[in-house]
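Written out below as C-alpha cells is the structure these notes cover.
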Amino acid sequence: MTFKIIHIDETDSTNRWLRDHCQQPMADSPEPIVVVADYQTAGRGCGTNTWESERGKNLLFSLLIHPTDVPAREQFLLSMANALALKTALDSYVDDISIKWPNDIYWRDRKIGGTLIETRLQGTLVKDCIIGTGINVNQTQFLSDAPNPVSLAQILGHEVSRDTLLQHILDAFRLSDDLPERYKAALYRREGFFTYRDSGGTFRAEWVDVERDGTLVLRDEDGTVRRYAFKQVAFVL
C-alpha cells in the first residue's frame, strides 16, 4: 500500500485535520493518505484520555484509508492491521514489543504507543477509516500523570529518526487473511493468569481469544468465561 504523505507543523489533532481536509474530497479516490505533525495541541486517546507529546520529539500521525470489502461487524480487523504494523516496525529497533488489547503498543510493561480509530460505514461495509497514532520516540521526560510511558530513546539510549520509523510502519501496514492469528500471537499477557478490573471489581483470569469484532474473551480462575467489549475491562498493571 502506497501512502501520500503530508507533513504539517502543528494541529489540534491529526485525525481532525484529515477529517476536515481530506475525507470528503477523497470519497471518489482510493489513494491512502498519511498526515504527520510535529506537535498536537489536543491529541487524544480512547475516550477522554489525552496524549502527552513534546514538540518535535515523537511520531504523531493519522492514516486515511478506504478499505474494500471490510464488513462493518469486522471493522476491528483494521485495528489489528495497524497494531501489527506498529509492532513490526518497532521490532526492528527493540525486543519485547507486544499489543495490549485492543490497540496499545507496549514494551514490556510500559506503554510506547497508542491509537484512536474512527470509521465511517456505508451499508454493511466500512467506507473509510482514520487511524490516529502516537508513538513515544525521542521524548525522555514525561510530565503527565500517565502511569507507565516509555520512549524508544529511553530504551535505546539515543534518538532515532521519526521519518524512518514512519516509513517502516507504512511498509508494514497491510490487510491480509492471517491478521487475526498474527494479532493474537502478538498480544500482551497472552499466557498465564493476570489481574483485571471490570464493573464488579478485580479478578484474575487468563486470555482465551479476541474475536473478529474485537471482543476480548477471558477465563477466570474458577473456569468462568467472561466476554468484554472495549472499555468494559482494564488490565491492572
Side-chain angles (χ1 to χ4, degrees), residues 5-20 34-63 79 82-83 85-87 89-118 130-170 186-189 194-197 202 230-237:
I5 301 176
I6 300 171
H7 289 270
I8 58 176
D9 177 57
E10 179 179 316
T11 184
D12 57 351
S13 160
T14 53
N15 273 27
R16 187 206 56 77
W17 193 97
L18 272 179
R19 285 199 308 273
D20 290 352
V34 55
V35 60
V36 189
D38 284 333
Y39 185 65
Q40 285 187 138
T41 59
R44 292 193 297 130
C46 293
T48 59
N49 296 338
T50 59
W51 185 265
E52 176 191 0
S53 184
E54 185 178 347
R55 182 181 295 274
K57 289 292 186 180
N58 298 324
L59 184 55
L60 310 170
F61 67 99
S62 292
L63 312 177
S79 180
N82 184 71
L86 300 180
K87 173 176 163 52
L90 289 168
D91 281 344
S92 65
Y93 293 87
V94 296
D95 296 328
D96 300 325
I97 295 292
S98 61
I99 301 167
K100 177 173 159 291
W101 178 88
N103 53 29
D104 284 342
I105 305 300
Y106 265 51
W107 175 74
R108 299 180 182 174
D109 290 323
R110 302 178 70 183
K111 184 174 178 178
I112 195 170
T115 295
L116 176 66
I117 298 180
E118 305 172 37
I130 293 178
I131 305 172
T133 294
I135 298 179
N136 299 326
V137 181
N138 294 322
Q139 185 167 340
T140 56
Q141 290 186 316
F142 294 90
L143 305 178
S144 74
D145 58 359
N148 59 341
V150 70
S151 71
L152 270 180
Q154 288 177 319
I155 299 167
L156 297 172
H158 60 80
E159 292 195 353
V160 301
S161 166
R162 292 177 295 151
D163 289 341
T164 299
L165 175 58
L166 175 64
Q167 193 58 57
H168 287 330
I169 294 167
L170 298 181
L187 283 174
Y188 174 73
R189 291 185 173 179
F194 296 94
T195 303
Y196 297 83
R197 178 183 296 109
T202 60
F230 307 143
K231 309 302 285 186
Q232 291 182 341
V233 67
F235 293 75
V236 177
L237 302 175

Quick check: do [X] and [Y] have side-chain heavy atoms less than 4.5 Å from each other?
X	Y	answer
Trp17	Ile6	yes
Leu152	Val94	yes
Ile8	Val36	no
Asp38	Leu60	no
Arg197	Thr195	no
Arg189	Lys100	no

Check whether [X] reaches the backbone of [Y] with its side chain - one donor and one acceptor, N or O, closer than 3.5 Å.
X	Y	answer
Lys87	Ile105	no
Asn103	Ser79	no
Asn138	Asn58	no
Asn148	Asp109	yes
Gln139	Asn136	no
Trp107	Ser98	no
Gln40	Ser13	no

Return the [atom1] to [atom2] distance between [X] and [Y], rounded to the nearest 0.5 Å.
X	Y	atom1	atom2	result
Lys111	Ser151	NZ	OG	14.5 Å
Glu10	Thr41	CD	OG1	6.0 Å
Ile97	Leu90	CD1	CG	5.0 Å
Arg110	Asp96	CZ	CG	13.0 Å
Ile112	Ile155	CD1	CD1	4.0 Å
Ser62	Leu116	OG	CG	8.0 Å

Might you point out which heavy atoms bring [X] and [Y] nearest each other, and give the distance in Å?
X	Y	value
Gly132	Asn15	CA-OD1, 3.0 Å
Pro147	Pro149	C-CD, 3.7 Å
Asp104	Thr115	OD1-N, 4.5 Å
Phe230	Pro102	CE2-CB, 3.7 Å

For a side-chain contact (heavy atoms from CB on, under 4.5 Å) check, start with the C-alpha distance between Phe61 and Ile169, then their side-chain angles and the critical distance, and finish with the verdict.
CA-CA 11 Å; Phe61 67 99; Ile169 294 167; 4.1 Å; yes
Given Arg162, Gln141, Glu159, the one that forms side chain to side chain contact (heavy atoms under 4.5 Å, CB included) with Lys57:
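Exactly one option meets the side chain to side chain contact (heavy atoms under 4.5 Å, CB included) with Lys57, and it is Glu159.
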Do Val35 and Thr11 pass the side-chain contact (heavy atoms from CB on, under 4.5 Å) test, and can you show the C-alpha distance, the side-chain angles, and the key distance before you say yes or no?
CA-CA 10 Å; Val35 60; Thr11 184; over 6 Å; no
ring-ring contact (aromatic ring centres under 6.0 Å, His included) with Phe235: which residues, sequence neighbours excluded?
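Only Tyr188, Tyr196 meet the ring-ring contact (aromatic ring centres under 6.0 Å, His included) criterion with Phe235.
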